[in-house]
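Sequence lines set the chain letters: A, B, ... in the order given, protein chains first and strands last, and positions in each chain run from 1.
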Amino acid sequence: MHDLRTLRESFDDIRERLGARGADVQWDSLRKLIEERRAMTGQVEQLRHELKKGSDDVARLKREKQPAEAAIAAMKAVGERIAQGEAGLRQVEEALNDLAFRIPNLPHATVPAGKDSGSNTEVRRVGTPPRFSIPAKSHWELGESLGILDFDRAAKIAGARFAVLTGAGARLERALINFMLDLHTMRHGYREVLPPFMVNRPAMTGTGQLPKFEEDLFRLADEDYFLIPTAEVPVTNLHRDEILSESQLPIRYTAYTPCFRREAGSYGKDTKGLIRLHQFNKVELVAFTTPEKSYAELERLTTHAEAVLQQLGLHYRVMLLCTGDLGFSSAKTYDLEVWLPSQNQYREISSCSNFEGFQARRAGIRYKGTGGKKDARTEFVHTLNGSGLAVGRTLLAIMENYQQPDGSIAIPEALQPYMGGMERITKEG
RNA sequence: GGAGAGGUGGCCGAGUGGCCGAAGGCGGCGGUUUGCUAAACCGUUGUAGGGGCUAAAACCUCUACCGAGGGUUCAAAUCCCUCCCUCUCCGCCA
């Protein structure tokens with residue numbers, strides 16, 4: 001959500017800077033509605049002022065035992081005009097919000113221009129890919145032959161794009177969750193949160209999933225609740241409609257949740273394996289900070305996500321997304337891409353974004369300076385988040401990168417304490 | 001699911017139709033006093049939108065907001081309706 005005043009005052013500038021991102025925004029209607037709203041607001045407020053004064057006159061006349069019929073009649077007429085004006089204003093505001101909520105965020109100046117992921121730029125590459133004497137197997141081949149992944153039965157009980165983990169596979173997933181949470185809470189200073197996995201409509205609107213992306217979400221049939229597509233939604237909305245004290249900032253949360261996504265429009269993509277599922281686990285990092293510090297926070301948060309990959313010994317690269325590949329609410333995003341030997345390519349495993357005030361304006365998350373009167377201005381915070389990491393993709397990356405010639409899987413050292421000292425996953429008897 | 005109670009400013013808490021944006025207290029901020037701290041005293045203290053002034057603020061002014069949305073009335077925190085949320089008891093469950 002953009003600030004409407006800024007939008008009005010810098011209309012053409014914003015329109016131009018949004019470029020292709022704003023292609024499906026109805027700019028002309030938008031401009032008209034903004035002006036209409038302004039004019040109508042003035043009119044209605046003027047009338048209300050009249051009514052207020054008139055009513056006070058009635059009160060005074062009655063107190064002085066004087067006839068008030070004429071004044072009452074006049075105010076009745078004013079009241080009717082107000083009702084008309086308000087009805088019109090409501091219509092305009094509804095139409096305006098409908099358009100304004102669909103405008104994506106402005107990219108930060110350091111974001112490269114580009115149409116699609118082809119224009120993303122590589123920032124750095126860390127570690128080295130493992131070498132294999134024989135062609136690397138895919139994680140689904142490894143998993144099914146080890147008996148720790150079961151897609152057939154998942155399809156039976158749920159459908160396509162679901163997975164069942166069993167035995168050491170299930171334990172490895174659980175170990176990863178604990179490992180990541182411990183790292184972020186004990187080493188990186190985040191506070192752990194375990195939020196609801198379904199949320200209401202205002203929460204989804206606050207972080208930008210609604211109204212534009214409802215078809216990507218699972219919604220309950222009998223209640224207006226949505227299954228969360230990421231912990232970003234409940235955790236960012238924790239402070240919805242709050243005014244935080246500047247001394248509380250930055251606030252850093254980490255949360256494990258399952259994530260639910262319809263994956264509408266991705267038919268045929270990544271149909272095998274754990275890459276793209278309707279339900280997956282993720283450990284998320286969320287931060288609230290001041291506008292001055294949010295870009296430093298983005299760098300910091302990104303390194304926290306990278307730390308997971310480094311400790312697990314996985315090779316990855318950091319990509320800076322171009323304007324065309326940026327998410328709807330984001331001003332700047334780094335993707336972390338892990339090396340997958342079976343695919344011979346890098347695949348996204350984390351996405352770290354600074355939303356600046358975009359979500360905060362929608363969700364009403366502000367802060368107030370703690371100094372004297374002059375610093376006490378109330379402003380919108382900047383919100384950030386990043387995966388730290390997508391657990392399922394981490395698991396499959398470990399399977400593929402740590403596979404052994406005999407089909408077993410070595411467990412990275414950092415994870416062994418979380419696996420009861422297990423060093424290797426072998427076929428279970 | 002059944003029965004009851006309640007939602008007022010950062011917090012507590014008054015207010016049942018007319019200068020109520022809202023008494024009082026606490027907290028916060030500024031100040032006086034003070035060797036320092038505490039106490040005391042004085043002042044100040046919500047958010048949003050529109051307009052004016054401005055380089056921008058400060059500031060001035062209007063409007064809205066007493067859980068949310070409707071309604072009654074010249075006039076609603078106060079009366080009516082619907083919804084949401086919280087609490088207590090019972091039932092049911094993990």
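- Counting to the nearest Å, the P atom of B:G21 and the CG atom of A:D56 are 9 Å from each other.
- Under the 30°/60° scheme for interplanar angles, the aromatic rings of A:Y253 and A:H239 are found to lie parallel.
- As a whole-Å value, the separation of A:R60 CZ from B:A75 P is 18 Å.
- Summarising the base pairing, B:C59 is matched to B:G52 through a Watson-Crick or G-U wobble pair whose two defining distances lie under 3.5 Å.
- For the P atoms, the distance from B:G27 to B:U86 is 31 Å, rounded to whole Å.
- Side-chain contact, A:H139 with A:E400: a donor N or O sits under 3.5 Å from an acceptor N or O.
- Put simply, A:K368 has a side-chain N or O that comes within less than 4.0 Å of OP1 or OP2 on B:U47.
- Mapping A:K76 and A:T41 onto RNA chain B by nearest heavy atom places A:T41 closer to the 5' end of the strand.
- Picking from B:G18, B:G49, B:C62 the nucleotide with the shortest atom distance to the side chain of A:R37 gives B:G49.
- No donor-acceptor contact under 3.5 Å links the side chain of A:Q46 to the base of B:G50.
- Comparing A:G54 and A:D3 along RNA chain B, the residue whose closest nucleotide (by nearest heavy atom) sits nearer the 5' end is A:D3.
- In this entry the distance linking CZ of A:R63 with P of B:A75 reads 17 Å, nearest Å.
- The nearest whole Å value for the distance from the CD atom in A:Q66 to the C1' atom in B:C74 is 16 Å.
- Between B:G10 and B:A5, the two C1' atoms lie 26 Å apart (nearest whole Å).
- Remark: B:G30 base-pairs with B:C42; criterion is Watson-Crick or G-U wobble with both hydrogen-bond distances under 3.5 Å.
- Taking atom CD of residue A:E80 and atom C1' of nucleotide B:U72, one finds them 14 Å apart after rounding to whole Å.
- When the P atom is used for both B:C19 and B:C65, the distance is 15 Å, rounded to whole Å.
- Residue A:R90 places its side chain closer to B:G70 than to any other of B:G70, B:G50, B:C74.
- Among the heavy atoms of the strands lying under 4.0 Å from A:L51 are primed sugar atoms or P, OP1, OP2 only; no base atom is included.
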Subject >> Residues A:H108, A:Y295; criterion ring-ring contact (aromatic ring centres under 6.0 Å, His included); working and verdict >> reply: CA-CA 10 Å; A:H108 187 253; A:Y295 278 95; 3.9 Å; yes
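- Distance CD (A:E50) to P (B:U61): 20 Å, rounded to an integer number of Å.
- By the 6.0 Å contact criterion, OH on A:Y225 is open, its count of non-hydrogen atoms from other residues, nucleotides or ligands being 12 or less.
- If you check B:U63, B:U47, B:G49 against the side chain of A:K52, the one that comes closest is B:U63.
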Subject >> side-chain hydrogen bond (donor to acceptor under 3.5 Å, both in side chains) evaluation trace for A:D325 with A:S117 >> reply: CA-CA 6 Å; A:D325 207 23; A:S117 57; 4.7 Å; no
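- Look at the C1' atom in both B:U78 and B:C93: the space between them is 41 Å, to the nearest Å.
- Nucleotide B:G24 is matched to B:C12 when pairs are restricted to Watson-Crick or G-U wobble geometry with both distances under 3.5 angstrom.
- Distance from the side chain of A:H49 is smallest to B:C62 among B:U47, B:G50, B:C62.
- As rounded to the nearest Å, B:C92 and B:A75 have C1' atoms that lie 49 Å from one another.
- With ring centers used as reference points, A:F328 lies under 6.0 Å from A:F358.
- A:R366 comes within 4.0 angstrom of the backbone, heavy atoms only, and of no base.
- Atom CG of A:D241 and atom P of B:C65 are 17 Å apart (whole Å).
- Listed nucleotides: B:U63, B:G18, B:U47. Nearest to the side chain of A:R48: B:U63.
- For B:C36, there is no paired base (Watson-Crick or G-U wobble, both distances below 3.5 Å).
- Of the residues listed (A:H188, A:H184, A:E297), the one engaging A:R252 in a side-chain hydrogen bond (donor to acceptor under 3.5 Å, both in side chains) is A:E297, and it is the only one.
- The base-pairing partner of B:C92, taking Watson-Crick or G-U wobble contacts with both distances under 3.5 Å, does not exist among the strands shown.
- Between B:G28 and B:A39, the two P atoms lie 9 Å apart (nearest whole Å).
- Annotation: the span from A:E86 atom CD to A:E93 atom CD amounts to 10.5 Å, rounded to 0.5 Å.
- Separation of the C1' atoms belonging to B:G17 and B:G71 is 15 Å when rounded to the nearest angstrom.
- The side chain of A:T378 approaches B:U47 more closely than any other nucleotide in the set B:C62, B:U47, B:G70.
- Distance, A:D224 CG to B:A68 C1': 15 Å, rounded to whole Å.
- Summarising the base pairing, B:C87 is matched to B:G4 through a Watson-Crick or G-U wobble pair whose two defining distances lie under 3.5 Å.
- To the nearest whole angstrom, the two P atoms, one in B:U61 and one in B:A40, are 34 Å apart.
- B:A64 and B:U47 make up a base pair, with Watson-Crick or G-U wobble contacts both under 3.5 Å.
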